[in-house]
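Worksheet: one structure, shown below.
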Amino acid sequence: MSAAKRPPLPVILLANDLLDGEVVFRSDKGWSRDPGEALIAFDDEAAVALEQAGQRAYANNEVVEVALVDVSLTGDGKPVPNHFRERFKVNGPTVRLDLGKQAVYGRR
Amino acid sequence: MYRYDEFDERFVRERVEQFRDEVARRLDGSLTEDEFRPLRLKNGLYLQLHAYMLRIAIPYGTLSSRQLRQLALIADRYDRGYGHFTTRQNIQFNWPKLRDAPDILGLLADVEMHCIQTSGNCIRNVTADHFAGVAADEIDDPRPVCELIRQWSSAHPEFSYLPRKFKIAVTGALHDRAVVKAHDIGLRMVRDRETSAKGFEVIVGGGLGRTPFVGKVIRDFLPEDELLAYLEAIMRVYNLEGRRDNKYKARVKILVHEIGVEAFREKVEAEYARLDVASINPDPAEVERIAAYFAPPAYEKLPAQSTALDAAMKLNPAFAEWVEINGFEHKAPGYVAVTVSLKGIGEVPGDMTSDQMRHFADLTDRFSLGELRVSHNQNLILPDVKKKDLFPLWQELGKFGLATANVGLITDIIACPGLDYCSLATARSIPIAQAIATRFADPVRQRDIGPLNLNISGCINACGHHHVGHIGILGLEKRGQESYQITLGGDSSEDAAIGDVIGPGLTGDAVPGAIERLVAIYLQERREGEPFIATVKRIGQAPFKAAFQHYVEGLRDHAA
Ligand code: HEM
Ligand code: SF4
């Protein structure tokens, strides 16, 4: 992904786990299921590092559908995607609040 | 109901084992995602927003109680306790894991089910009138023909890499309940005027999606026993001439549109004349073997009217309403086909929990000879209920929230999964359906409004049939927000029509109010006994557009 195609900063890296499909976030410990643990890239260098980690993980068959996603930070510094599509992706179905991330980690 | 023969059984089992092997090779890294994706799609396994999704075929919408119980078991063991019935007479599970998929396919094979040809550029699951075999207005049961088409099209070597997906729908009835004019091929059973022999009107080039078309008739009468060879001729023309350069122009509807129906017909007839028809059409003995599976059950000789039913209806108005709205005229005296609504007010259209499935499977055994149907309207049908059993059936359905009396009414909304699940979506569909259903929940008002199809899709692919809804709603994205475009005048019946956009897009919360305005114009303008769509056709779009425009301006003033 060239810089031109990268979304505006800050960004996080999202993917789906290959084995079970669940949405995962690049964190400082590898992939996390908790959106609160997502690493946030505030500059190009960090964004490129995330992007490369994603490419490696994809090539290693750990994850699929890897994408950088631009976010805003909530009051407590947690990232929330700017686009509604990715907001649904990190929360779960809006019609089933008992399912998806929101059921485990709370809504954002 | 059709039962697998040894060949079917072996074929499906082998596919499960093949897929098990493919998954293992994906997990050990010998297949890349690009290599694996088409393989998993061939087995109905998609990747959606939150998880994988498994699409299971329900051929021509017929399901046994045993199969429904197995689906409930899969929902509990491998998913989140529910499934979603779709407009394609499929069921989808929204949370399966890749590692479990081979075992799920194995459980499906145990009950003669599979996910083959539920994705990809092949001939997809063949759909049919959900009242097939029992409808009073039927010439004949279309399902033996559907089963023939299924066998002919399954793993057909010539038609496994078509330019694009291909959907066939069949009806045997006078009234089209299978939307045959919005399919790549639609088949409508007819009788020859002179000989009264059975055959088909052949319709080609219908479809929804980004370029919707109503299908065109290329043969007024095709004798029944020539069907497969004629289909083969159509498929050959499409396979050869359908565009492969642009996926948005690859469906047969575009070919028919670009060269014209006359030219298309000539090509098909020329191909048909060349074909070795006898080698394609099935042996009559095989046709009979298949037809025997669909022979009508031994119906009891019952009086046409049931005194028990009449008495229960008098005593219980809510029950009477349900019978009138959800009941459908059966061929056999004393019987009725019942549509069980999966559109409870505020629920997700087409969703069913595993508890409901099990309970429903028991009711199917007790009240409808162990067989049920899935409709493209995302409801279920008990085809063979005795009139005298309706009251206990209704009571039992009520225990599991399955006795909603709204079939064909404004709250019986078709909705695709939209952005709550689907990765292609541009907006959500389900919450809009829920908001409209809640707004129009009052049973008296719904009944007063009468038959009205309201369909919602979460993107231009039109899985929710919005183009052919009397009122259609299409979810789009506009300036980073979900935006809903409303169409009017669509029709999925034998008078099929594509709706027209009536004005600018709205935010989701403004949609129920807009529907109110359209309904108000209808109530004001309708003639005695005239349903919504007939009024729209008679008075035209203008009064509706004006009311809509007025509503939109009101919203703007309000916001300003
Ligand atoms: C995994 C989710 C789905 C994906 C990826 C998907 C994909 C698509 C695409 C790409 C088209 C447009 C095809 C074309 O015009 O060439 C389409 C059409 C359609 N799909 Fe889906 N769909 C999904 C779910 C569903 C569901 C849940 C239903 C039933 C509720 C459904 C039923 C249909 C129907 C009826 C059409 C339009 C008829 C036509 O093919 O012209 N799909 N779908
Ligand atoms: S219409 Fe669009 S949003 Fe709805 S299911 Fe089809 S592809 Fe998904």
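The sequence lines fix the lettering, A, B, ..., with proteins before strands; numbering per chain opens at 1.
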*Do A:L18 and B:R26 come close enough that some side-chain heavy atom pair is under 4.5 Å?*
yes
_B:Y78, part contacting chain A, at a heavy-atom distance under 4.5 Å_ = neither
_A side-chain contact here means heavy atoms from C-beta on lying under 4.5 Å apart; do B:Y421 and A:R96 qualify?_
yes
*Heavy atoms, side chains only, cut-off 4.5 Å: are B:L27 and A:L19 in contact?*
yes
_pair B:W95-A:L99: side-chain heavy atoms closer than 4.5 Å_ = yes
*First locate atom CD of B:Q48, then atom CD of A:E65, and finally report the distance between them rounded to the nearest 0.5 Å.*
9.5 Å
*asked:* Using modelled atom types and a 3.5 Å cut-off, is there a donor and acceptor pairing between side-chain atoms of B:D420 and backbone atoms of A:T94?
replied: yes
*Hey, what do you get for CG (A:D17) to CG (B:L98), rounding to the nearest 0.5 Å?*
9.5 Å
*Can you find a pair of side-chain heavy atoms, one from B:S423 and one from A:K89, that are under 4.5 Å apart?*
no
_Any donor-acceptor pair under 3.5 Å linking the side-chain atoms of A:H83 with those of B:E477?_
yes
*cation_pi(B:R428, A:F84) dist<6.0 Å, angle<=45*: no
*Considering non-hydrogen atoms only, spot the tightest contact between A:N16 and B:A51 and give its length.*
ND2-N, 4.2 Å
*Which bit of B:L49 is near chain A, if near means a heavy-atom gap under 4.5 Å: side chain, backbone, both or neither?*
both
_Return the OH to OG1 distance between A:Y58 and B:T32, rounded to the nearest 0.5 Å._
6.5 Å
